[in-house]
Amino acid sequence: MQRIMRENPYVPDSIGHYGNEKAIAEECGVFAVYGLQEASVYCALGLHALQHRGQESAGIAAYNGKAIEVERNTGLVGEHYNKHDVINKLKGFISVGHVRYSTQGGSRIENAQPLSATFLFGKTILSHNGHIVNATNIRKELSEEHGDMWQTDSDSEVILQLMGHSKERNFFESFKYALSRIIGGYAIIAMCNDTILAARDPNGIRPLVLGKLGDAYILSSESCAFNIIGATFIREIQNGEIVTITKNELKSHFPFARQRARPCLFEYIYFSRPDSILNGKSVYEHRKALGKQLALENSIDNIDVVIPIPDSGIPSAIGYAKEASIEFDLGIVRNHYVGRTFIEPKQRIRELGVRLKHSPNIKQIEGRNVLLIDDSIVRGTTSTKIVSMIRHSGAKSVSLLISSPQIKYPDYYGIDIPCIDNLVSAKQSLENIRKKLCVDYLNFISLDGLYIALTGQKRDAKKPFFSDHCFTGEYPTQIPTDDHDKNQKSLFPQINNE
């Protein structure tokens, strides 16, 4: 079996760091409202619900019937969009928003979204979650052929640049052309005048869902954002689908050759909020099922208490404890009000940094055989600190189970998983990792067990249901190199005549 440990808690700090160590970082979040007065207010509320997906910057655009206004700021949604003077600038019945964690491009305000560009058909706004894996090649090609000027170092700008180079002269056709040229995982919402376009990548790697509030349409990275504004979940946008919304009419298009859906496993394991819906069930239910499967795969003797590493380890720990008939307890208390850890001058103080976010509930630990449950292990350094904290709190023994398989390969679709050299499971045996973490027992859920918990069936090696490349090295798309290659055009999706 395999083992993984996550480097950050469910909601990371405002810069995605855990102490002095960079964590697995959330992707971005997109949100849109079509057909409500004060749409930007609803958009701001929706972005609040998606804040866990990105804390570097937030932006909102609104269309008032004559013009599009855009406000973008670094920091959290609540730091800017609870101010009347800001929201009052964003009048209108259509609004598009974004919260950002950078997968490519730095944390500068220039890279904050929504991005904007003006074409012959009008000013266009774009919000993007995911990553375009051939963005570097496209940049080089456009720069060599046209000498283009770039406003950001974000991969998202590639989409707007491609729209500008399209021979088509309308919003939908130029958008479709841009999508025909890009490879990767993405959920995109674009707005021009009174029209919204929304698209999901051909494999459906990145999530995008549709809801309604009265007659208004709502788009979001996760369904949890519908709850905060009272909207109703309708469905997921399908893989390879482009949705057009204009005058409160929604139409669906599938302009590219259909591919098999392969949604991102980390949405189930880690990223999505527990109250979001994925594949017909709440994420909370999925994670409890992962814990149950961990119990079926791991019968550990003499465990007195199951303790989750908060927050995303909690549902899996509940599922394990129920299946194994072992006491569940909150032996670690999470501090949700910690921002960036101060700069620590000495090793001893650095070692105490973990307690800024995780504090032991000593009376639930002392003198007991403890089983910790978490969602993933990346480098293993934070796991080592937490295990040490539990031992120093008087635990008789410490075991660790992880509700995802071992992460052995990097991601290219919008998750900040580091290169192989920094992945502990890519370089070391299970026994060596156990010794490094100083635990008495260590294991990860099996890949088949992961599939069974989430789908009821083992993994079909010929047709895997998920994008599971971080565990298997099998990527759902071709991964272009950074070297410019004119032949990359052979990788582009084939357009259907629709």
Side-chain angles (χ1 to χ4, degrees), residues 4-19 21-27 29 48-55 76-78 99 101 221-225 227-228 265-278 281-292 294 305-322 328-341 353-361 364-365 370-378 382-383 385-387 389-390 400-404 407 415-416 445 453:
I4 286 195
M5 156 97 197
R6 75 179 261 168
E7 304 295 283
N8 63 331
Y10 173 66
V11 182
D13 63 37
S14 61
I15 58 165
H17 284 67
Y18 191 109
E21 170 188 338
K22 193 172 184 182
I24 289 184
E26 273 79 355
E27 311 140 20
H48 270 290
L50 298 177
Q51 188 73 84
H52 59 284
R53 301 185 70 89
Q55 300 85 39
L76 304 179
V77 177
V99 289
Y101 172 82
S221 289
E222 291 185 41
S223 63
C224 65
N227 301 335
I228 198 171
L265 264 175
F266 275 97
E267 295 291 342
Y268 293 78
I269 294 166
Y270 176 81
F271 288 128
S272 293
R273 257 178 45 168
D275 51 337
S276 288
I277 303 297
L278 289 174
K281 290 184 179 180
S282 72
V283 172
Y284 179 78
E285 291 178 285
H286 286 302
R287 290 177 185 163
K288 282 210 307 183
L290 292 173
K292 177 181 177 180
L294 272 175
V305 62
V306 177
I307 292 176
I309 298 177
D311 284 322
S312 59
I314 292 175
S316 294
I318 292 173
Y320 185 100
K322 182 177 180 180
F328 167 91
D329 223 329
L330 295 177
I332 301 173
V333 178
R334 166 84 195 284
N335 181 358
H336 290 268
Y337 301 97
V338 177
R340 184 169 186 172
T341 305
V354 68
R355 298 193 183 215
L356 291 173
K357 290 189 176 180
H358 290 132
S359 179
N361 194 356
Q364 310 307 318
I365 297 169
V370 173
L371 171 60
L372 297 173
I373 293 184
D374 205 356
D375 57 33
S376 57
I377 294 177
V378 184
T382 300
S383 303
K385 294 174 185 178
I386 290 177
V387 170
M389 181 181 73
I390 298 299
L400 177 61
L401 290 178
I402 306 300
S403 59
S404 66
I407 300 176
I415 304 174
D416 189 16
I445 196 170

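Because the structure is a prediction, the values reported are computed rather than measured.
- A donor-acceptor distance shorter than 3.5 angstrom exists from the side chain of S223 to the backbone of I277, with no hydrogens or angles considered.
- Atoms CG and CG, on L400 and L372 in that order, are 6.0 Å from each other to the nearest 0.5 Å.
- Between Y284 and D275, every side-chain heavy-atom pair lies at or beyond the 4.5 Å cut-off.
- At least one side-chain heavy atom of L401 sits less than 4.5 Å from a side-chain heavy atom of L371.
- Under the 4.5 Å side-chain criterion, counting only non-hydrogen atoms from C-beta, L290 is in contact with I445.
- Residue A49 comes nearest to A225 through the heavy atom pair CB-CA, 3.6 Å, listed as atom of the first residue, atom of the second, then distance.
- With hydrogens and angles ignored, the 3.5 Å screen pairs a side-chain donor or acceptor of Q51 with a backbone N or O of G54.
- A distance-only check finds no donor-acceptor pair linking the side chain of H48 to the backbone of I228 [under 3.5 Å].
- Between V99 and Q55 there is no side-chain heavy-atom pair separated by less than 4.5 Å.
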side-chain contact (heavy atoms from CB on, under 4.5 Å) evaluation trace for I314 with F328: CA-CA 10 Å; I314 292 175; F328 167 91; 4.3 Å; yes
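- Counting only N and O atoms by type, the side chains of S404 and D375 include no donor and acceptor under 3.5 Å apart.
- Within the 4.5 Å cutoff, side-chain heavy atoms of H358 are placed close to those of M389.
- Closest approach of P274 to S282, counting heavy atoms only: O-CB, 3.8 Å.
- In this structure, D329 and Q364 approach most closely via the heavy-atom pair OD2-OE1, 2.7 Å.
- The main-chain N or O of I318 is never found under 3.5 Å from a side-chain atom of R287 such that the two would form a donor-acceptor pair.
- Of all non-hydrogen atoms in G29 and S221, the two that sit nearest each other are CA-OG, 3.5 Å.
- Here Y268 contributes atom OH and K281 contributes atom NZ; the two are 10.5 Å apart, rounded to the nearest 0.5 Å.
- Under the 3.5 Å distance criterion, the side-chain polar atoms of E222 are matched with a main-chain donor or acceptor of R273.
- Between the H52 side chain and the S272 main chain, no donor and acceptor come within less than 3.5 Å of each other.
- L265 has its side chain out of reach of F271: every pair of non-hydrogen atoms, C-beta onward, lies at least 4.5 Å apart.
- At distances below 3.5 Å, not a single donor-acceptor pair connects side-chain atoms of S403 with backbone N or O atoms of S316.
- Side-chain contact between L330 and I307 is absent, with no heavy-atom pair separated by less than 4.5 Å.
- Side-chain contact between I332 and N361 is absent, with no heavy-atom pair separated by less than 4.5 Å.
- For the pair I373 and A317, the tightest heavy-atom approach, listed with the atom from each and the gap, is CD1-CA, 3.8 Å.
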